[in-house]
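A, B, ... follow the sequence lines: proteins, then strands. Residue 1 opens every chain.
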Amino acid sequence: MKVILNTGTSVIQAFYEKKGSTLKDEYRQAAAVAFMDINDMKKLSLNPRDKIKIKSDWGEVVVFVDKSHDAPHEGMIFLPKGPWANIVISPETYCCNVPTYKGVTAEISKTDEDVLLVSELMNKVYGKYNLKAEQLSDRPVYKKMGE
Amino acid sequence: MEYILKNGVVFDPKNDVNGEETDIFIRDNKIVDKVSSDAKVLDVSGKLVMPGGVDLHSHIAGPKLSIGRLYRPEDIRKGVRAAPKDEVSGFEAGFSLPTCPTIGYRYTKMGYTTVTEAAVPPLEAKHAHEEINSIPNLDIPTLTLFGNNWFMLKYVKENRLDDLTLFISKWLKLAKGYGIKIVNPCGSEAWGWGKNVDGLDDPEPHWGVTGREVITSLTKVNERLGLPHSVHVHTNDLGHPGNYETTLETFDCVKDIKKNKNVDRNQIMHCTHIQFHAYKGTSWRDVSSGATELIDYINKHDHLTCDIGQITFDETTTMTADAPMEYDLFRLTGLKWANKDIEVETASGLIPSIYSSRAPVSVLQWAVGLEFFMGVRDPWKIALTTDSPNGGPFIRYPKIISWLMSNEKLQDMLDNEVHNWATNRTDLGTYNREYTWDEIAILTRASTSKILGLEDRGHLGVGAKADVSVYDIDVNDFDPTLKSNSSVIEEKLLNSKYTIKDGQILVKDSKIVKLVKSNHIWCNVQGLEKYEKTLEKRIKPEFNKYYTIKYENYGVNDHYVEPETRINIKYGGESFENN
Amino acid sequence: MEKPITDYDEVVRNCSCSYCGNNCDDITYLLKDKEIVGVRHACRIGASKIINDKDQRLLNPMVRNSEGILEETTWDIALDKTAELLYNSVRPVLYGWGETSVEAIKKGIKIAEITGSVIDNQSTICHGSSIQAFQNVGHPVMTLGEVKNRADVIIYVGTNPMDDHPRHLSRYTTFPEGFFRRNGRKDRTIITLDPKYTNTAKVSDEWIQFNMNEDYLLFNALRMLLKGEKLDEKEIAGVPIERLENLVETMKNAEYGALFFGLGVSQTLAKQKNVDVLIQLVEDLNNYSKWSMLPMRGFFNVSGFNIALTSETGYPYGVDFSRGYPRFMVGETTTIDLLNRREPDFFMAVSADPGVQFPGYTIQHLVNIPTIQIDTHWGPYTELSDIVLPSTRVGVETEGTAYRMDSIPLFMKKVIDKPENCHSDEWILTRLYERLEQLKQMEDE
């Protein structure tokens with residue numbers, strides 16, 4: 001299904017982000033969620049906490065879905081800002097320095113794939129250090145001094 | 001450290017030294033009458049020597065400047081210069097809105113050592129003091145805005161002058177302010193509703209208080225407290241044709257108030273940028289100069305002083321707490337308008353202004369400013385300002401001086417350069433006065449210090465602050481009245497040979513050789529603390545209701561004003577025991 | 001309902017919150033054994049930031065080892081390495097600054113100058129477009145107390161403060177008693193313009209829903225109606241003309257009107273052009289009544305960065321020192337554009353997480369260049385950082401100056417001790433500056 005994707009702040013996502021809990025499941029539960037109009041959810045036979053894959057010109061990402069409290073807004077989905085949303089939003093600034101966080105066209109479909117935790121997501125999507133699965137966790141993984 | 005400035009031609013009007021070739025002795029941060037044989041000799045034979053420059057009205061720090069810079073990058077781009085390799089100063093940026101360091105560099109090079117920031121809202125005083133910490137090399141008193149403050153309006157309305165006295169005393173401590181600034185009293189409050197007041201006796205719509213009541217009440221309080229500076233007034237109706245009558249009424253409204261007996265200054269009121277308040281007529285079509293009437297009043301009375309607010313034919317930025325006037329300008333010119341209303345205290349506005357020598361109104365304003373320079377006989381009653389950056393940026397002071405010193409130059413401008421309104425609608429053409437170096441030293445040093453009440457500067461007498469400027473002009477071989485020399489005057493006064501502040505050489509041969517932190521000058525009234533406490537207790541509930549920050553977080557913390565010159569004033573006015 | 005905290009031994013009042021641009025300065029911290037155990041008056045988000053997640057706190061400097069794992073190290077080693085990388089880069093970017101003090105920001109500006117860096121803050125991804133609009137057409141703003149005391153009509157456009165700035169309505173604008181609005185909420189009309197039925201729309205007197213990406217059209221229509229022009233369409237941006245006419249009437253008849261706008265305006269299709277028209281609308285309204293506006297700034301000191309940078313360099317954000325003097329050119333010297341062009345060869349984020357904030361395509365360049373993090377908590381950007389320097393929290397463990405969204409300066413207190421081996425941003429940047437000076441001196445000799 002074609003949708004317009006908007007991103008922005010949500011209370012609960014900001015709560016965990018500001019608290020500093022971004023590695024944890026509670027942040028994933030808060031930020032990796034597409035909020036949809038109930039009618040759109042019906043069209044794709046989605047129930048709250050089901051998963052969708054969002055594809056845009058810039059990438060694809062798997063997130064949970066939930067019912068929007070700001071409806072009606074058929075054809076538009078809202079994704080809290082964060083590492084998941086970043087993958088699909090547009091970097092285009094039109095030479096005006098602000099990338100396009102809102103009004104990005106995307107395609108969504110139901111999926112069974114996993115919604116990744118932050119450490120897994122960053123490692124898989126960007127692959128800067130190509131870490132192994134056991135080096136990725138919902139807690140900081142690092143080598144202590146003298147270990 | 002000791003220095004001898006040897007064989008300079010010294011102009012020190014306060015001490016009646018008028019172009020005499022004499023030595024100046026400096027020990028540490030003071031002028032002294034002799035130094036030891038270890039003193040370093042600076043040979044300034046024949047060169048122009050004056051006390052360090054003192055500016056009594058300029059806009060150099062605080063929220064107005066920040067808004068200006070934020071919304072006018074085109075002005076910043078006009079003044080960009082990379083850091084000079086052979087100086088200790090950094091890059092410069094900005095023309096009418098220079099960056100903080102740039103302000104310090106440019107004033108220092110002009111030989112100025114004290115500059116007054118003329119309008120600080122207490123709520124944002126931390127901002128002003130923070131910026132002062134980024135401006136090098138100056139002593140900076142700040143004037144605190146009171147002319148539309150709600151507590152002030154309430155006390156004036158209820159005729160509670162005791163409370164007003166305590167309020168001012170306390171609020172100067174909170175804002176770390178030096179004196180009382182009044183801007184378009186009641187008008188900026190009326191702007192809270194998109195309105196203005198019309199003249200001195202038009203009551204503000206809600207408070208029912210008039211500009212006259214505000215000015216007279218604050219003048220009484222100022223004299224009761226014995227603050228070193230008088231009230232500093234930007235009168236109602238700025239920039240409106242016909243406003244000279246309001247200005248005359250304002251001059252006159254305080255004349256019977258008694259000056260505090262302990263202060264050094266002569267005036268009980270300083271009227272600022274008088275040029276903007278001296279127009280006759282009913283519109284910009286039939287406008288003409290009202291300077292002659294005002295000059296006549298100034299010449300006949302001793303209770304007031306003025307600075308000019310000279311126009312300099314630049315594209316500059318106007319900024320003032322007189323926000324309704326800025327909106328008028330916006331409707332007139334359509335240039336981009338900025339406005340900032342500040343809760344409980346004031347409003348403010350900005351707009352770019354393009355003063356052109358071909359535009360009739362600009363030229364009229366230019367000529368009106370010069371009329372004051374020419375017409376006011378006693379230079380101790382006036383001060384050279386451009387209300388920087390409103391009439392033009394402060395780096396134009398030397399240019400103005402070149403106009404004042406050469407009748408030939410001025411006449412040439414009238415004949416060949418400027419629109420004919422200068423001669424048709426003002427009396428400028430009737431003067432043929434030429435300023436001497438001694439009079440220039442008064443306008444830029446001696447009178448400004450005296451008006452401000454800063455007795456330790458603006459002169460080179462023994463015990464004065466060792467603030468000295470030397471210019472590369474061979475006074476006795478140089479004719480400033482020649483038109484051909486006016487560009488030389490400008491160039492030499494922009495780039496001092498020496499600028500010495502507190503006995504430290506900051507500029508040598510037009511190069512900045514030292515940077516020091518600027519000094520925050522503020523007034524601390526002593527003896528009323530007990531009563532201020534009870535006032536504070538009464539004010540706090542209202543404060544916390546109508547401001548959006550807590551009273552506890554309002555004052556400027558001490559660490560923002562390091563280094564400081566705290567001027568302690570022993571309260572000697574009427575008793576508060578009955579309060 | 002969470003239980004009220006009763007087990008505490010010290011109360012510290014009038015602290016400043018370090019979450020959003022409201023900078024609420026009436027916060028009470030409850031302490032037990034010198035640790036914060038409770039927070040009063042703050043919103044949920046502010047409280048969460050003050051209480052914070054201790055097990056994700058960055059506690060020691062770290063450098064990536066050969067396996068790509070972050071490894072703890074000494075401050076000297078971490079700072080030396082950072083200084084060397086920065087000193088030897090040709091196109092460094094120093095980004096972030098929204099959640100640190102002005103004192104630290106000023107150190108950052110010094111570093112940018114001596115290293116020829118670009119220094120930029122979150123304006124570049126948020127209200128930079130609003131600042132451009134101010135530069136285009138004007139800047140009619142106010143402090144929040146003006147709204148509290150005077151406003152009878154308040155409009156929120158493309159912003160949802162009930163979620164993003166939770167106490168905006170309750171402490172500053174809508175609900176409190178004001179000097180001329182003794183009955184608080186009852187004396188005011190609140191209107192929200194938003195494509196979505198946000199929590200702010202829910203507490204407003206009126207919600208005007210308009211079509212996504214049609215802001216520019218909508219605001220222009222309002223301006224035309226205000227000027228008395230007739231519009232032929234039945235609806236504009238999905239809003240029936242009659243509703244727009246009523247809105248214009250309400251605005252014209254306000255005694256004091258305040259308009260707040262958010263990223264819903266400055267980040268949608270026409271970006272700064274949307275804000276241009278909105279400013280012009282406010283300017284026009286001043287012909288009839290009194291109107292002011294304010295962007296809803298996000299981080300608690302994003303405004304302070306703009307102010308400090310203009311004080312020091314003249315420009316508000318995106319300042320490029322590569323030529324030794326400051327330059328500012330939107331789209332040229334701004335972070336996202338630089339990264340999209342794959343230009344930078346060094347990237348340092350101070351109190352900001354690009355992993356949370358930047359588009360993926362932009363982030364991809366951070367994979368190829370040295371990356372430094374100065375921050376308090378482990379976040380997505382830590383996963384991309386080569387060197388991590390742990391810092392302290394302003395307003396909790398470190399004092400410092402911040403500027404509210406309306407540019408009121410506040411001095412934020414230090415209340416509790418910092419974790420032992422963490423240092424304030426100001427401390428870290430001062431040490432970094434000293435090292436850079438030394439490197440410069442060595443090269444000069």
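Residues I408(C) and E124(B) are in side-chain contact: their nearest non-hydrogen atoms beyond the backbone lie under 4.5 Å apart. Residues E255(C) and W193(B) are in side-chain contact: their nearest non-hydrogen atoms beyond the backbone lie under 4.5 Å apart. Contact of the Y560(B) side chain with the T401(C) side chain is registered, since non-hydrogen atoms from C-beta on lie closer than 4.5 Å. F134(C) places none of its side-chain heavy atoms less than 4.5 Å from the side chain of K336(B). No side-chain heavy atom of N286(C) sits less than 4.5 Å from a side-chain heavy atom of F330(B). For the pair E130(B)/S311(C), no side-chain contact is recorded, criterion being any heavy-atom separation below 4.5 Å from C-beta on.
Within the 4.5 angstrom heavy-atom criterion, no atom of Y288(C) approaches chain B. Within the 4.5 angstrom heavy-atom criterion, only backbone atoms of V137(C) (N, CA, C, O) approach chain B. Looking at Q132(C), there are no atoms closer than 4.5 Å to chain B (heavy atoms on both sides), in backbone or side chain. In this structure, chain B has heavy atoms under 4.5 Å from both the backbone and the side chain of S407(C). Interface remark: A82(B) contributes backbone and side-chain atoms alike to the contact with chain C (heavy atom separation under 4.5 Å). Looking at R13(C), neither its backbone nor its side chain comes within 4.5 Å of chain B, counting heavy atoms on both sides.
Of all heavy-atom pairs spanning P140(C) and W337(B), the tightest one is CB-CZ3, 3.6 Å. In this structure, N14(C) and K550(B) approach most closely via the heavy-atom pair OD1-NZ, 2.7 Å. For the pair Y315(C) and P73(B), the tightest heavy-atom approach, listed with the atom from each and the gap, is CE2-O, 3.9 Å. When every heavy atom of G314(C) is checked against every heavy atom of T99(B), the shortest pair comes out as N-CG2, 3.3 Å. Between I307(C) and H127(B), the shortest heavy-atom contact is CG2-NE2, 3.4 Å. Heavy atoms only, all atoms of each residue included: D406(C) and K340(B) are closest at O-NZ, 3.0 Å.
Of the listed residues Y325(C), Y317(C), F179(C), Y256(C), the one with more heavy-atom pairs under 4.5 angstrom with chain B than any other is F179(C). The choice from E103(C), R323(C), R327(C), E113(C) that makes the most heavy-atom pairs within less than 4.5 Å of chain B is E113(C).
Separating the NZ atom in K413(C) from the CG atom in N557(B) is a distance of 9.5 Å, to the nearest 0.5 Å. Residue R72(B) holds its CZ atom at 14.5 Å from NE2 of H139(C), rounded to the nearest 0.5 Å. Once rounded to the nearest 0.5 Å, the distance linking CD of E345(B) with CD of E146(C) reads 10.0 Å. Annotation: the span from T548(B) atom OG1 to N23(C) atom CG amounts to 10.5 Å, rounded to 0.5 Å. Atom CG in N553(B) sits 10.0 Å away from atom CE in M412(C) (nearest 0.5 Å).
The pair R150(C)-E189(B) meets the salt-bridge criterion, since a charged nitrogen lies less than 4.0 angstrom from a carboxylate oxygen.
The backbone N or O of K545(B) sits less than 3.5 Å from a side-chain atom of K148(C), completing a donor-acceptor pair. The main-chain N or O of L70(B) is never found under 3.5 Å from a side-chain atom of T310(C) such that the two would form a donor-acceptor pair. Looking at R69(B), its side chain never comes within 3.5 Å of a backbone N or O of T313(C) through a donor-acceptor pair.
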Open item on the list: What verdict does the side chain to side chain donor-acceptor pair (under 3.5 Å) test give for N287(C) and Y327(B), after you've listed the backbone C-alpha separation in whole Å, the side-chain angles of each residue and the deciding distance to 0.1 Å?
Closed with: CA-CA 10 Å; N287(C) 287 328; Y327(B) 187 69; 2.9 Å; yes
- [ ] Apply the test side chain to side chain contact (heavy atoms under 4.5 Å, CB included) to residues W150(B) and N149(C): give CA-CA distance (whole Å), side-chain angles for both, the deciding distance (0.1 Å), then the verdict.
- [x] CA-CA 12 Å; W150(B) 287 3; N149(C) 287 323; 3.6 Å; yes
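Heavy atoms from other residues, nucleotides or ligands lying under 6.0 Å from NZ of K106(C) number more than 12.
Taking the six-membered ring for Trp and thresholds of 30 and 60 degrees, H206(B) and F180(C) have ring planes more than 60 degrees apart, a perpendicular arrangement.
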